[in-house]
Amino acid sequence: MDLEKVRYFIRVVEEGSVSRAAASLNMTQPPLSIAIRKLEEELGTPLFTRQGNRLFLNETGQYFYKRSKELLFSADSLRTEMRERGLGIRGEVTVGCSTIANLTIIPEVVKRLQEQDYQITVRVMEGNTAYILDQLRQHRMDIGLIGNTFDKADLNLTALLTGPVYAALPPGHPLSDRDKVTLDDLRHDDFLMPYTSIGLGIADYILEECSEQGFEPSILYWGAETLPMLEMVKKGLGVAFVPALLLHIHGLDLPPLARIDSPTVSSKLNLVTLKNGAKQEAGKRFLEVTEEVIAELKESTPPVIYR
DNA sequence: CTAAAGCGGGAGTGATATAA
DNA sequence: TTATATCACTCCCGCTTTAG
């Protein structure tokens, strides 16, 4: 069904005459008469009853008029929606990230998108690097924010943030009043290590640094998530290692933290996308805002007070 | 493979027939 | 007289064919 014909029909109904409708549409009467007849033929039912040379909208026509108005309204909405999608004002973006990124960066990004009147739905899927890469490759995810660094032929990796790593110290630890510590200071502690599934992560840098300082740490636990490890620290089970980003989470009850004083031990946040993935405008907008949030994060002082 | 030519159909115009 | 239907015609757009 041709929307143009439907538009013509509506005009004929609203003007009450084919001739007047033709004049208001800046055309002559014949094609409009033909358009109405073709529409009736296509629908298989008359929309008007004809008395001599006059048209009167019949019951079917009245119903069709109501539905036509809805149809055109819907078509207009669709047009606007598609235009806004094209401009990146509207759309959906699926992001994979760690719990920490989801607690720090994502809320601020969503807040700004809302403040700027973007109608972008952000779908967040928390998970480890392997899960995020898998979802990206299956086109179920547009953007990944991950801590690990790696080199994969089909993926683009961009560094967004590099910061220090903090050692979370158990209650009563002799170094708990220190601002910074070296790994050598912790050589007799049990380590709770963040597991790296793919590429290089915090644990790899720690192991490398320990090796340089001539010892092999006692690893009590390997875990994928930081927050459970912090609970283990509070129970006095060992020392955990957390990225600087953690300090930007509001309202966490953290154990004493001391910065690891080392050039090699760092925490990163990388952006990962599929190299040949479709770049939709909503995704680009999300990234712009994310980069803005991260730039401000670098400048800001973490809200967490630690010793 | 690309660009021009050819072709057909749809939509429009103006003139006119037709009906109340 | 007025409004719709029909006819012959033009124009334009998009598709197919053809030539280089």
Side-chain angles (χ1 to χ4, degrees), chain A residues 1-94 113 116-121 123 133-144 151-158 271-288:
Chain A
M1 191 161 33
D2 181 1
L3 283 184
E4 201 59 29
K5 283 200 182 73
V6 174
R7 217 180 293 279
Y8 285 174
F9 164 78
I10 286 173
R11 193 62 70 92
V12 169
V13 173
E14 289 177 351
E15 291 288 338
S17 133
V18 176
S19 303
R20 277 202 296 277
S24 85
L25 289 162
N26 293 317
M27 63 195 288
T28 51
Q29 165 262 322
L32 206 47
S33 290
I34 292 166
I36 298 298
R37 199 191 64 219
K38 289 256 180 74
L39 190 58
E40 290 176 314
E41 279 169 14
E42 187 188 347
L43 296 172
T45 177
L47 301 170
F48 296 92
T49 47
R50 286 158 174 82
Q51 289 179 16
N53 285 336
R54 295 293 169 90
L55 295 187
F56 299 94
L57 195 64
N58 64 21
E59 206 175 310
T60 312
Q62 281 170 23
Y63 178 74
F64 187 69
Y65 173 72
K66 181 172 157 281
R67 294 297 306 274
S68 295
K69 293 286 276 188
E70 292 166 5
L71 178 66
L72 288 194
F73 180 78
S74 170
D76 283 345
S77 304
L78 181 60
R79 219 187 323 272
T80 307
E81 187 183 329
M82 297 317 285
R83 198 173 296 128
E84 288 179 350
R85 275 180 178 261
L87 293 170
I89 296 168
R90 183 194 286 262
E92 281 176 24
V93 58
T94 305
L113 287 171
Q116 291 169 31
D117 280 338
Y118 289 119
Q119 294 188 42
I120 294 175
T121 303
R123 183 180 292 131
L133 300 195
D134 182 53
Q135 294 294 304
L136 278 169
R137 285 177 171 137
Q138 290 185 43
H139 300 272
R140 288 181 186 161
M141 192 180 278
D142 306 303
I143 291 162
D151 185 19
K152 302 273 179 202
D154 59 334
L155 299 165
N156 281 320
L157 188 96
T158 316
L271 163 71
V272 58
T273 53
L274 210 54
K275 254 183 193 159
N276 56 2
K279 296 265 189 299
Q280 29 120 331
E281 293 300 322
K284 288 186 199 164
R285 191 72 61 199
F286 177 88
L287 282 183
E288 281 171 23

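Values below: every heavy atom of this structure, side chains too, minus hydrogens, waters and symmetry copies. Predicted model, so just to flag it, every value in this text is computed and none were measured. In what follows, chains carry the letters A, B, and so on, assigned in the order in which the sequence lines appear, proteins first and then strands, with residues in each chain numbered from 1.
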Is any side-chain heavy atom of [X] less than 4.5 Å from a side-chain heavy atom of [Y]?
X	Y	value
A:Gln119	A:Ile89	no
A:Leu39	A:Tyr8	no
A:Arg140	A:Thr94	no

Output yes when [X] and [Y] qualify as a salt bridge under the 4.0 Å nitrogen-oxygen rule, no when they do not.
X	Y	result
A:Lys284	A:Glu281	yes
A:Arg285	A:Glu288	yes
A:Glu42	A:Lys38	no
A:Arg79	A:Asp76	yes

Dump the pairs, protein N or O against N or O of nucleotides 8-10 of chain B, anything under 3.5 Å, distances to one decimal.
none

Would you say [X] reaches [N]'s phosphate, i.e. side-chain N/O to OP1/OP2 under 4.0 Å?
X	N	answer
A:Ser19	C:dT4	yes
A:Ser33	C:dT6	no
A:Arg50	C:dA3	no

(request) Identify which nucleotide among B:dG12, C:dA5, C:dT6 has an atom closest to any side-chain atom of A:Tyr8, counting heavy atoms from C-beta outward. (result) B:dG12
Rounded to whole angstrom units, what separation is found between the [atom1] atom of [X] and the [atom2] atom of [N]?
X	N	atom1	atom2	result
A:Arg20	C:dA3	CZ	P	7 Å
A:Leu55	C:dT2	CG	C1'	13 Å
A:Ile36	B:dA11	CD1	C1'	14 Å

Contact list (N/O, under 3.5 angstrom) for nucleotides 9-13 of chain C vs protein:
none

(request) By nearest nucleotide on DNA chain C, pick out whichever of A:Arg37 and A:Arg54 is the more 5' one. (result) A:Arg54
(request) Treat primed atoms plus P, OP1 and OP2 as sugar-phosphate and everything else as base, then score nucleotides 13-20 of chain B 5' to 3': B for base contact with protein heavy atoms under 4.0 Å, S for sugar-phosphate contact only, - for none. (result) BBB--BBS
(message) With rounding to the nearest 0.5 angstrom, report the CZ to CD distance, A:Phe9 to A:Glu14.
(response) 9.5 Å
(request) Kindly compute the distance separating CZ (A:Arg11) from CZ (A:Arg20), expressed to the nearest 0.5 Å. (result) 13.0 Å
(request) Start with the C-alpha distance between A:Ser33 and A:Gln29, add both sets of side-chain angles, then the distance that settles side-chain hydrogen bond (donor to acceptor under 3.5 Å, both in side chains), and finish with yes or no. (result) CA-CA 6 Å; A:Ser33 290; A:Gln29 165 262 322; 2.9 Å; yes
(message) Taking atom CD as the centre, does A:Glu41 end up with more than 12 heavy-atom neighbours from other residues, nucleotides or ligands that are less than 6.0 angstrom away?
(response) yes
